[in-house]
Amino acid sequence: MKASSILGMLAAAMAGMASAAEPAPIAIAVHGGAGTISRELMTPQREQAFRTKLEEAIRAGHGVLTAGGTSLEAVTRAIRILEDSPLFNAGKGAVFNAAGQNELDASIMDGASLDAGAVAAVHRVRNPIDLALRVMTHSKHVMLIGEGAEQFAREQGFELVDPGYFHTEDRWQELQAAKARELTRHRDPEKWLSTVGAVALDRAGNLAAGTSTGGLTNKRWGRVGDSPIIGAGTYANNDSCAVSATGTGEFFIRHVVAHSICVRVAGGEDVASAANAMVNEVLAAAGGDGGVIAMDGKGNIAMPHNTPGMHRASIDRNEVLFVGIYRDEP
Ligand code: ASP
């Protein structure tokens, strides 16, 4: 055998050993909304229910990644679980607008191609994140809204649900309370923004981000927040980071929060300080409440929020699981 081919075989074997010792990192994070979530306002049962559902979603998303699935698949898998739970303000647990309707928004972005899909103001789509993905993969557009989005869903073979599917008594009572406060001009004592989102890094090194929401309780009919707006509530670019946001959407739109974090990362800032600066400096100074989950191309995760709590969970590149609700959890 020639010396060069022996050398070649040796090099290939060493490369194999290196990759066996250190596989490309995978990581995932999810949020279930930020807000004035404090221990005093939470019952132990409710807290446990949130933690259990967040863990189920993060484990499911991580399972997709360990099985070799893409970050887009992991993000949609995790978000779908949260959309199907009445605990979160997305899908089944969506809040009501001022007209007494559940009006849903969602978006998703592929950090490898910068392809993106979004839907806004849909009333009959059980899992809006799936439709956002379909807009990305099966249309030449980025965002479809209202009846046009639902017609597209029908054409794509989605089974539409009766709008009554989204009615939950808790959310209905929240709307009544919000309307009463509006009449009496009382401040909102307990503001929960339990929108859901996910960011993930797959073995191929691709980032993805997605977000899904019912928006804000008592929002005007037709109001669209940041969640379906690429750059505001959702953004992913392999060259910088992936971000999903939760909070009062108007502020996230004005400050293009998700994209701004990625611009900072592209400029050399680490993902933790970039996300923290946008949430705790820029947004906080503007009076915008909320938080983000952000992940860079190495799987580093940041989950800053300027509210007392944010439902969140992650499985990092070292396979360490974290589930948190309150600010004082690490
Ligand atoms: N960002 C969402 C919106 O403004 C609300 C939320 O995060 O809960 O529609």
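Read the numbers this way: they start at 1 and go in the same order the structure lists the ligands and their atoms.
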Results of salt bridge (charged side-chain N to carboxylate O under 4.0 Å, His left out) for Glu250 - residues two or more places apart only:
Arg223
Among Gly225, Gly32, Gly247, which one has a heavy atom closest to atom 2 (C) of ligand 1?
Gly247
Look at the side chain of Thr234 and the backbone N and O of Met109, then say whether any donor-acceptor pair between them is shorter than 3.5 Å.
no
With a 6.0 Å cut-off on the ring centroids, do His141 and Phe152 count as close?
no
Taking atom CD of Glu169 as the centre, report whether more than 12 heavy atoms of other residues, nucleotides or ligands fall under 6.0 Å from it.
yes
Contact check: Thr213 vs ligand 1, nitrogen or oxygen atoms, below 3.5 angstrom
no
Please name the residue in the list Ser227, Ser107, Ser244 that meets the side-chain hydrogen bond (donor to acceptor under 3.5 Å, both in side chains) test with Thr211.
Ser244
Under 4.0 angstrom from ligand 1, any heavy atom of Gly233?
no
Looking only at distances, can you tell me whether any N or O atom of Gly249, backbone or side chain, sits closer than 3.5 Å to an N or O atom of ligand 1?
yes
Is the terminal nitrogen or CZ of Lys53 (NZ for Lys, CZ for Arg) located under 6.0 angstrom from the six-membered ring centre of Phe88 and within 45° of that ring's axis?
no
Which ligand 1 atoms are under 4.0 Å away from a heavy-atom of Thr246?
6 (C), 7 (O), 8 (O)
Yes or no: does Ser227 have any heavy atom under 4.0 Å from an atom of ligand 1?
yes
Do Leu72 and Ile58 share a hydrophobic cluster, counting only Ile, Leu, Val, Met, Phe, Trp and Tyr and linking them when any side-chain heavy atoms are less than 4.5 Å apart?
yes
Going by heavy atoms, is Arg223 under 4.0 Å from ligand 1?
yes
Suppose I only count heavy atoms of Asp226 and a 4.0 Å limit; which atoms of ligand 1 are within that range?
1 (N), 2 (C), 3 (C), 4 (O)
Can you tell me which portion of Glu103 lies within the under-4.0 Å heavy-atom range of ligand 1? Options are side chain, backbone, both, or neither.
neither
